[in-house]
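Beneath this line is the structure, given in structure tokens, with notes to follow.
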There are 2 protein chains.
Amino acid sequence: MTPQPSARERLLDAAEDLAALQGMTSTPVDEILGRARVSPATLYAHFGNKEGLVVEALKRRLARWDSTWQECVDEAVAPEEKLLAVFTALARHRTSLTPSRWCVFLGASAETPAPGNDLADTLASDTRLLVDRLEALSAAYLQGAPAKVLADRITLVYTGVLGMILRGSDAEAAIADGRATAALVIRALAGGDHAESASRP
Amino acid sequence: MTPQPSARERLLDAAEDLAALQGMTSTPVDEILGRARVSPATLYAHFGNKEGLVVEALKRRLARWDSTWQECVDEAVAPEEKLLAVFTALARHRTSLTPSRWCVFLGASAETPAPGNDLADTLASDTRLLVDRLEALSAAYLQGAPAKVLADRITLVYTGVLGMILRGSDAEAAIADGRATAALVIRALAGGDHAESASRP
DNA sequence: GTCTATACAAAGATAGAC
DNA sequence: GTCTATCTTTGTATAGAC
């Protein structure tokens with residue numbers, strides 16, 4: 001017999017699953033409690049309130065995303081492939097964990113016009129991780145200021161993939177489109193910056 | 001004294017403004033009523049329920065976006081510029097109407113895991129308008145199957161811009177990044193043509 | 001640490017008068 | 001068509017026992 005996880009763990013699992021599937025605000029506390037088979041008092045004893053629980057669940061999920069992504073970066077050899085690994089990681093992330101409707105972090109952000117400090121920090125961490133790691137990988141690939149530009153643009157494309165999934169696109173197709181687009185951006189910024197100058201209005 | 005708009009109009013205005021600023025689910029009916037200075041019974045007499053009101057407000061906003069975008073397409077001359085006009089339109093749209101946190105349609109979608117039929121249709125209309133118009137403009141620019149691919153990729157980039165705004169990016173910067181990225185995608189799929197070769201057979 | 005039972009607040013919707 | 005007043009449901013959180 002597998003020993004039953006603690007009430008705390010069950011609550012985190014349930015909160016993560018339901019936030020991923022339905023969104024955090026859309027999920028009532030009762031549903032989390034029912035799924036975790038835990039009583040209300042236990043939740044509030046451990047996490048203070050609903051947002052406290054969600055924040056902990058999001059932090060845990062971000063850590064898992066972080067390590068999945070890092071694995072994919074490590075598996076890649078060429079610098080360009082290391083940059084594109086974020087798309088491989090997204091596909092792997094989506095199949096290894098509870099499937100999310102699009103992105104738990106963007107979803108929580110969209111649902112919460114006025115997040116508390118802890119929640120806001122956690123949501124910002126997701127964006128910061130994206131931009132910072134992409135910038136570090138870019139810097140290894142091309143020198144100077146363009147690294148930040150490249151990181152921002154890949155983040156934009158990556159975010160577009162997530163948004164397309166929210167729009168109802170097939171996830172695999174959206175990821176492939178994003179990857180192809182990002183590859184274009186990488187080559188354009190690495191091969192010379194003439195390609196973007198004509199695009200300004 | 002400007003004649004006061006009807007209660008129905010005031011309700012639509014209030015619902016649109018608040019959905020744009022805070023999101024639809026996050027905004028209680030009472031707040032809409034307060035802003036519109038209308039009583040509850042009037043709302044339900046006109047729209048049946050909250051979702052009915054929101055759907056009408058979204059339809060009206062979609063029609064305005066549609067015409068703003070079409071104007072920008074018409075103002076552009078070269079086919080590539082017509083494709084990129086969606087970014088010009090986004091900037092114009094955002095300054096001409098009540099500023100929205102990111103995108104009213106994606107926001108409503110993110111907030112509503114199980115939308116009613118009318119709402120789902122309205123939200124899908126937004127995506128359909130994007131993909132269809134971009135595909136039509138693409139077809140005028142390059143022949144054959146790639147038109148659908150190009151439309152999908154520009155939609156992805158455009159959606160990425162909206163997501164970056166949700167992430168907290170400066171809107172102007174995100175739009176410029178998206179436009180540059182889209183220009184890259186267009187040229188790559190057009191077969192390496194430059195902007196000057198606008199007159200193709 | 002965890003449970004049962006319950007309090008308290010917010011939100012959506014309706015009744016009936018004018 | 002619009003208002004005032006109210007009802008119902010749902011959701012968050014707490015009290016007190018084990």
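Numbers restart at 1 for each chain; the letters A, B, ... are given by sequence-line order, proteins then strands.
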Please identify each residue that fulfils side chain to side chain donor-acceptor pair (under 3.5 Å) with B:T159, with sequence neighbours left out.
A:R167
When you compare the protein's N or O atoms with those of nucleotides 12-16 of chain D, which come within less than 3.5 Å of each other, and at what distance?
unit_1: D:dT12; atom_1: OP1; unit_2: A:K50; atom_2: NZ; d: 2.9
unit_1: D:dT12; atom_1: OP2; unit_2: A:V29; atom_2: N; d: 2.6
unit_1: D:dA13; atom_1: OP2; unit_2: A:Y44; atom_2: OH; d: 3.2
unit_1: D:dA13; atom_1: OP2; unit_2: A:K50; atom_2: N; d: 3.2

Distance check needed: D:dT4 C1' versus B:L43 CG, whole Å only.
16 Å
May I have the distance from B:E31 (atom CD) to C:dG12 (atom P), rounded to whole angstrom?
10 Å
Give the table of side-chain donor-acceptor pairs shorter than 3.5 Å for residues 11-23 of chain A, with sequence neighbours excluded, one pair per line with atom names and distance.
unit_1: A:D13; atom_1: OD1; unit_2: A:R60; atom_2: NH1; d: 3.1
unit_1: A:D13; atom_1: OD1; unit_2: A:R60; atom_2: NH2; d: 2.9
unit_1: A:E16; atom_1: OE1; unit_2: A:R60; atom_2: NH2; d: 2.8
unit_1: A:E16; atom_1: OE2; unit_2: A:R61; atom_2: NH1; d: 2.8
unit_1: A:D17; atom_1: OD1; unit_2: A:T98; atom_2: OG1; d: 2.5
unit_1: A:D17; atom_1: OD2; unit_2: A:R35; atom_2: NH2; d: 3.3
unit_1: A:Q22; atom_1: OE1; unit_2: A:T27; atom_2: OG1; d: 3.0
unit_1: A:Q22; atom_1: NE2; unit_2: A:E31; atom_2: OE2; d: 3.4

To 10°, what angle do the rotation axes through the five end pairs on each side of the helix from C:dG1-D:dC18 to C:dC18-D:dG1 form?
0°
Measure the distance from CZ on B:R10 to P on D:dG1 and round it to the nearest whole Å.
14 Å
Can you see if the side chain of A:S6 gets near the phosphate of C:dG1 - specifically, an N or O under 4.0 Å from OP1 or OP2?
no
Taking side chain to side chain donor-acceptor pair (under 3.5 Å) as the test, write out the residues that go with B:S67, two or more places apart.
none
Residue-phosphate contact under 4.0 Å: B:S39 side-chain N/O, D:dC3 OP1/OP2:
yes
Contacts of B:Q70 meeting side chain to side chain donor-acceptor pair (under 3.5 Å) (sequence neighbours excluded), chain-then-number -> B:D74, B:R133
B:L11 CG to C:dG12 P, in whole Å, measures 14 Å
Which residue pairs satisfy the salt bridge (charged side-chain N to carboxylate O under 4.0 Å, His left out) criterion with at least one member in residues 89-98 of chain B, sequence neighbours excluded?
B:E71-B:R92, B:E75-B:R92
If you take all heavy atoms of B:L84 and B:A182, which pair is closest and at what distance?
CD2-CB, 3.8 Å
Only counting residues at least two apart or in another chain, list the ones meeting ring-ring contact (aromatic ring centres under 6.0 Å, His included) with A:H93.
A:W65
Classify the side-chain pair A:E111/A:S26 by whether it contains a donor and acceptor separated by less than 3.5 Å.
yes
To the nearest angstrom, the CG-P distance between B:L33 and D:dT4 comes to 11 Å
Those residues at least two apart in sequence (or on a different chain) that pass side chain to side chain donor-acceptor pair (under 3.5 Å) with A:T88 are A:R179
A:R8 CZ to C:dC3 C1': how many Å, rounded?
19 Å
